[in-house]
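Note that these values count all heavy atoms, side chains included, but never hydrogens, waters or copies made by symmetry. Residues take their numbers from the sequence shown, with the count starting at 1.
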Amino acid sequence: MIMVSHTVSLTSTCFNFPTVSCAFYDYRVGKAALDSVNLEGRSFLTLKDFNAEEIKPILWVSADLKHRIKHRGEYVPLLQGKSIAMIFEKRSTRTRMATETGFSLLGGHPCFLTPQDIHLGVNESTTDTARVLSGLADVVLARVYSHSSLEHLDIDASIPVINGLSDLYHPIQVLADLSTLQEHYGSLKGLTLAWIGDGNNVLHSFMMSLAKLGVNLKVATPKGYEPDANVTQEAQLLSKQFGTKLQFLMDPMEAARHSSVLVTDTWVSMGQEEEKKKRLKDFHGYQITMQTGSVAAPDWTFLHCLPRKAEEVDDEVFYSPRSLVFTEAENHKWTIMGLMVCILTDYTPQIPKLKFKKNMWEKDIKNRILSSVCHL
């Protein structure tokens with residue numbers, strides 16, 4: 001057994017913002033094995049289809065690639081000779097850039113297809129498109145309006161299909177969020193995430209994953225903007241199965257109370273522009289501010305998948321040290337890379353295995369430090 005000392009560091013800012021960070025690698029593991037988990041050839045349409053032991057390796061590989069490529073400057077051509085077909089019915093900045101640059105960094109070739117290049121089910125049946133792309137590429141990432149388009153593609157394709165966003169789920173975004181929280185807090189289990197805003201596809205993906213990783217979830221949405229009923233029912237079962245807390249509220253302050261992470265998203269998604277005036281009225285009072293954070297946990301942080309509008313979160317929070325949004329945006333690339341490597345190769349990470357549960361002594365030290373720090 002390799003024994004190393006763990007460190008806990010406390011830093012403060014002009015906001016008296018306590019940040020407790022513990023090492024997020026488990027150095028007891030040496031060269032960890034993925035023998036019990038094989039994701040090669042799997043599609044990734046929703047986190048509902050993945051258990052905790054399948055999600056963790058994706059985050060582990062993502063952290064490994066970030067370490068090797070960004071921090072050590074290595075060239076890691078794990079996808080050399082492979083290509084990805086990128087179908088984008090909806091525009092994107094982060095997903096497109098993350099996928100194209102990430103796949104290229106790994107030695108692969110990304111092929112971007114706009115609605116002008118490909119019309120799913122219009123000029124050619126989705127079945128035929130799936131079969132054609134299966135012969136030309138190694139994987140498909142599709143950003144679509146309807147989740148059923150992804151399911152249809154997946155049925156007829158002989159290669160993995162990745163959900164780049166649909167009306168029902170946005171799982172690659174949540175992988176980036178989980179990776180960001182893992183980096184910042186050192187572990188995930190025991191955190192409480194407060195979702196304040198629209199009951200949308202990003203929230204649905206959180207609802208299909210957090211309980212499996214031991215994360216509590218509090219959801220505050222205006223009346224009429226609750227998450228999908230079927231997703232809610234499934235999330236309640238998961239929360240009961242894994243012993244986590246799941247609450248549905250209408251009061252943003254109550255959702256934020258004692259929460260570790262405050263999260264929101266756009267109130268007006270693509271395709272909802274005609275509803276903008278009504279939505280802005282209905283979401284009045286849901287803006288995340290420092291007042292919202294005043295009732296959260298002492299070490300609370302903020303996430304937003306971007307693009308952001310000022311009515312969703314004010315500048316003071318968005319540009320504060322508590323905001324992890326730009327690390328979150330960057331991690332979109334590393335987690336997409338990690339996902340692609342997991343489903344296209346049998347790669348074993350070189351860094352030690354990530355920790356997803358804090359040691360008891362770490363919790364005790366953190367609690368003692370935070371107990372001496374006043375809330376904002």
Flag yes if [X] and [Y] sit in one hydrophobic cluster, no otherwise; membership is Ile, Leu, Val, Met, Phe, Trp, Tyr, and two members link when side-chain heavy atoms are under 4.5 Å apart.
{"X": "Leu136", "Y": "Phe112", "answer": "no"}
{"X": "Phe326", "Y": "Ile288", "answer": "yes"}
{"X": "Met290", "Y": "Val313", "answer": "yes"}

Polar side-chain atom of [X] near backbone of [Y] as donor-acceptor pair, under 3.5 Å:
{"X": "Asp138", "Y": "Ser83", "result": "yes"}
{"X": "His147", "Y": "Ser166", "result": "no"}
{"X": "Asn51", "Y": "Glu54", "result": "yes"}
{"X": "Lys281", "Y": "Lys277", "result": "no"}
{"X": "Arg143", "Y": "Leu165", "result": "no"}
{"X": "Asn163", "Y": "Thr46", "result": "no"}
{"X": "Ser205", "Y": "His170", "result": "yes"}
{"X": "Ser149", "Y": "Tyr145", "result": "no"}
{"X": "Lys218", "Y": "Glu254", "result": "yes"}
{"X": "Ser260", "Y": "Thr192", "result": "yes"}

Parallel, tilted or perpendicular, judged at 30° and 60°: which one describes the rings of Phe283 and Trp267?
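It falls in the parallel class, under 30°.
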Atom CG of Asp228 and atom CD of Gln233: how far apart are they, to the nearest 0.5 Å?
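So the CG of Asp228 and the CD of Gln233 are separated by 10.0 Å.
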Can you tell whether the side chains of Lys309 and Glu311 come within less than 4.0 Å, N to carboxylate O?
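Looking at Glu311 together with Lys309, the answer is no, because their closest N to O distance does not fall below 4.0 Å.
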Salt-bridge test for Lys56 and Glu53: reply yes if a basic N is under 4.0 Å from a carboxylate O, no otherwise.
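Salt bridge: yes.
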When you compare the side chain of [Y] with that of [X], does any pair of heavy atoms fall below 4.5 Å?
{"X": "Ile343", "Y": "Phe44", "value": "no"}
{"X": "Thr244", "Y": "Asn216", "value": "yes"}
{"X": "Leu238", "Y": "Leu210", "value": "no"}
{"X": "Trp300", "Y": "Thr292", "value": "no"}
{"X": "Arg96", "Y": "Phe88", "value": "yes"}
{"X": "Val325", "Y": "Phe318", "value": "yes"}
{"X": "Met340", "Y": "Lys82", "value": "no"}
{"X": "Ser179", "Y": "Trp334", "value": "no"}

Verify the distance criterion only: is there a donor paired with an acceptor across the side chains of [X] and [Y] at less than 3.5 Å?
{"X": "Glu124", "Y": "Thr129", "result": "yes"}
{"X": "Ser125", "Y": "Thr127", "result": "no"}
{"X": "Thr289", "Y": "Gln287", "result": "no"}
{"X": "Asp177", "Y": "Gln173", "result": "yes"}

Check Ser134 against Ala157 and note the closest heavy-atom contact, atom names and distance.
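Looking at all heavy atoms of both residues, the shortest contact is OG-CA, 3.4 Å.
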What do you reckon, are the aromatic ring centroids of Phe302 and Tyr319 less than 6.0 Å apart?
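Ring-ring flag for Phe302/Tyr319: false, centres at least 6.0 Å apart.
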Working note: Glu275 + Val268, criterion side-chain contact (heavy atoms from CB on, under 4.5 Å); need CA distance, chi angles, decisive distance, verdict.
CA-CA 8 Å; Glu275 306 172 27; Val268 184; 5.9 Å; no
For the side-chain contact (heavy atoms from CB on, under 4.5 Å) test, which of Asp265, Thr264, Leu303, Leu249 pairs with Trp195?
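The passing option is Asp265.
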